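Contents: one structure, followed by commentary.
Bear in mind the structure is a predicted one, so any value in this text is a computation, not a measurement.
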Amino acid sequence: MLKNLCAAHRGWSSRAPENTLAAIKMAANEPDISMIEIDVQMSKDGIPVVIHDYTVDRTTNGTGRVGALTLEELKKLDAGSWFNSAYAGEMVPTLEEVLRETMGKVKLDIEIKRAGDWYPGIEIKVAELVRRYEMVSDIMITSFNHETIHTFAKIAPDIKTGNLIYGFPVLVDEVLDYTKASVLSMGYEYLTEEFVRPLLNRGVEFVAWTIDDPKYMREIASMDERIVICTNYPERWFSARR
Ligand code: G3P
Ligand code: CA
């Protein structure tokens, strides 16, 4: 049996609306899910909230940019009905609510979504929450915004971080050196054995996303058992690994 750990992408997002407490609780209660990936942005009034897109349009009944809405406005939105009417009334959770729900149960991969100069100060707010809920050893912070990871290393050098990369990786040593990250979280299509093996052997950790096809789950997992399989369909991995 393949031994790679499983990360549930946006919670158990094939079974419940992504990035909601319903999807997160479902994943947190499955012992074979080691980590839950979530996306964090900031409300207009500076509260870290869990939602993927930069607008609320796709995953709620509202419209507009996440950062243009206050927490009170975000909390009025229905973040469940778009997925299934059984989830009507699910809300956009705050990061704090997610930490409360997951502490002591499961690890979290907190992806900070930060385009350009949006969400100033999000790094310190996330770090403070992680400390308040004593989850430093259960958290990794990831971002496509490598400047955010560089900032994190300065303000919270004890919190594990990772660079998100989608595309053929170049200047990897320089990026790791600049950001002080210990994880590469990559689009699985760009992973090759020649690339990952020496880095794994140097202690760099790998997360591969978003693998929903059992064929590719097995292919990536067979490269090395240390690569975490991040998927919207944990149930497929449970069958594929056998
Ligand atoms: O964990 C990485 C993966 O979630 C990045 O892509 O667009 O799903 O946030 P995206
Ligand atoms: Ca993400």
Side-chain angles (χ1 to χ4, degrees), residues 9-11 18-20 24 36-60 62-77 79 91-99 108-133 135-136 139-187 190 207 209-210 230:
H9 187 241
R10 308 181 192 173
E18 64 179 59
N19 283 318
T20 62
I24 290 159
I36 300 175
E37 189 267 355
I38 55 169
D39 303 287
V40 172
Q41 302 185 51
M42 209 150 77
S43 66
K44 187 179 178 184
D45 45 346
I47 311 295
V49 290
V50 177
I51 183 166
H52 178 271
D53 297 2
Y54 285 121
T55 74
V56 298
D57 301 24
R58 179 179 62 89
T59 57
T60 78
T63 55
R65 268 187 47 197
V66 174
L69 298 166
T70 62
L71 183 62
E72 196 183 341
E73 288 166 333
L74 286 166
K75 282 292 184 189
K76 287 188 184 138
L77 303 178
M91 291 180 204
V92 173
T94 61
L95 175 60
E96 184 163 11
E97 288 166 339
V98 172
L99 295 181
L108 284 183
D109 172 354
I110 301 176
E111 182 191 341
I112 298 182
K113 293 276 184 207
R114 187 168 187 209
D117 58 357
W118 294 5
Y119 311 142
I122 190 170
E123 297 89 354
I124 193 83
K125 289 191 179 184
V126 171
E128 276 169 11
L129 280 168
V130 168
R131 285 197 202 294
R132 196 183 312 155
Y133 285 88
M135 287 187 75
V136 170
I139 293 281
M140 68 166 81
I141 302 292
T142 55
S143 189
F144 283 107
N145 187 332
H146 296 176
E147 202 55 43
T148 276
I149 299 304
H150 175 73
T151 302
F152 230 93
K154 286 192 186 153
I155 61 168
D158 53 331
I159 296 181
K160 187 191 281 190
T161 55
N163 294 118
L164 282 167
I165 299 174
Y166 190 60
F168 189 81
V170 294
L171 300 175
V172 172
D173 285 338
E174 285 84 346
V175 168
L176 291 175
D177 187 51
Y178 180 67
T179 60
K180 308 289 180 245
S182 60
V183 181
L184 289 175
S185 181
M186 293 183 41
Y190 293 94
V207 179
W209 43 266
T210 302
C230 183

Practice task
Kindly say whether Thr70 contributes a backbone atom to a donor-acceptor pair with the side chain of Glu73 at under 3.5 angstrom?
Solution key: yes
Fill in the blank from the handout: dist Met91:CE -> Lys75:NZ (nearest 0.5 Å) comes out at 6.0 Å
Practice task
Using atom types as modelled and distance alone, determine if a side-chain donor or acceptor of Asp57 lies under 3.5 Å from a backbone N or O of Gly64.
Solution key: yes
Exercise for the section: Consider only side-chain N and O atoms of Ser143 and Asn145, and report whether a donor and an acceptor are under 3.5 Å apart. Expected result: no
Practice task
Working to the nearest 0.5 Å, report the span between CE of Met186 and CZ of Phe168.
Solution key: 8.5 Å
Exercise for the section: Determine which pairs satisfy salt bridge (Lys or Arg N to Asp or Glu O under 4.0 Å) with at least one residue from residues 163-173, sequence neighbours left out, and list them in order. Expected result: Asp173-Arg202
Problem - Other residues, nucleotides, ligands: >12 heavy atoms within 6.0 Å of Glu147 CD - result: yes
Practice task
Would you check if the side chain of Thr161 reaches a backbone N or O of Ile149 as a donor-acceptor pair within less than 3.5 Å?
Solution key: no
Handout entry: Which atom of Thr63 lies closest to which atom of Leu69, heavy atoms considered
Key = O-CD1, 4.2 Å
Practice task
For residues Trp118 and Lys113, determine if any side-chain heavy atom of one lies less than 4.5 Å from a side-chain heavy atom of the other.
Solution key: no
Fill in the blank from the handout: Rounding to 0.5 Å, atoms OG1 (Thr20) and CD1 (Ile51) come to a distance of 11.0 Å
Exercise for the section: Give, for atom CD1 of Ile165 and atom CG of Leu184, the distance between the pair rounded to the nearest 0.5 Å. Expected result: 5.0 Å
Exercise for the section: Specify the closest pair of heavy atoms between Thr142 and Ser185, including all atoms of both residues, with the distance to one decimal. Expected result: CG2-CB, 4.5 Å
Completion exercise
Asp158 meets the side chain to side chain donor-acceptor pair (under 3.5 Å) criterion, sequence neighbours left out, with Arg131
Exercise for the section: Compare every heavy atom of Pro93 with every heavy atom of Glu97, then report the nearest pair and how far apart it is. Expected result: OE1-CA, 3.2 Å
Completion exercise
Tightest non-hydrogen contact, residues Ile141 and Val126, listed as CD1-CG1, 3.7 Å
Exercise for the section: For the residue pair Gln41 and Tyr119, confirm or rule out a side-chain donor-acceptor distance under 3.5 Å. Expected result: yes
Handout entry: Heavy-atom donor-acceptor pair, Lys125 side chain to Gly46 backbone, under 3.5 Å
Key = yes
Problem - Tyr54, OH: over 12 other non-hydrogen atoms inside 6.0 angstrom - result: yes
Completion exercise
Rounded to the nearest 0.5 Å, the CG atom of Asp39 sits from the OG1 atom of Thr59 at a distance of 10.0 Å
Fill in the blank from the handout: Across all chains, not counting sequence neighbours, the side chain to side chain donor-acceptor pair (under 3.5 Å) partners of Glu18 are Arg10, Arg58
Exercise for the section: Flag yes if more than 12 heavy atoms outside Lys44 fall under 6.0 Å of its NZ atom; otherwise flag no. Expected result: no
Problem - Residues Tyr166, Leu164; criterion side chain to side chain contact (heavy atoms under 4.5 Å, CB included); working and verdict - result: CA-CA 7 Å; Tyr166 190 60; Leu164 282 167; over 6 Å; no
Practice task
Measure the CG-CD distance between Asn19 and Glu111 for me, rounded to the nearest 0.5 Å.
Solution key: 9.5 Å
Practice task
Give the intermediate values and the outcome of side chain to side chain contact (heavy atoms under 4.5 Å, CB included) for residues Thr94 and Leu74.
Solution key: CA-CA 10 Å; Thr94 61; Leu74 286 166; over 6 Å; no
Handout entry: Test item: His150 side-chain N/O and Lys180 main-chain N/O as donor-acceptor pair under 3.5 Å
Key = no
Exercise for the section: Answer yes when Glu123 and Arg114 have at least one side-chain N-carboxylate O distance shorter than 4.0 Å, and no when they do not. Expected result: yes
Handout entry: Worked check of side chain to side chain contact (heavy atoms under 4.5 Å, CB included) between Arg132 and Leu99
Key = CA-CA 10 Å; Arg132 196 183 312 155; Leu99 295 181; over 6 Å; no
Problem - Check against side chain to side chain contact (heavy atoms under 4.5 Å, CB included), Val130 and Ile110 - result: CA-CA 10 Å; Val130 168; Ile110 301 176; 4.1 Å; yes
Fill in the blank from the handout: For Val172 and Pro169, the nearest pair of non-hydrogen atoms, with its separation, is CG2-CB, 3.6 Å
Problem - Smallest separation among heavy atoms of Ala181 and Gly162, with atom names - result: CB-CA, 3.9 Å
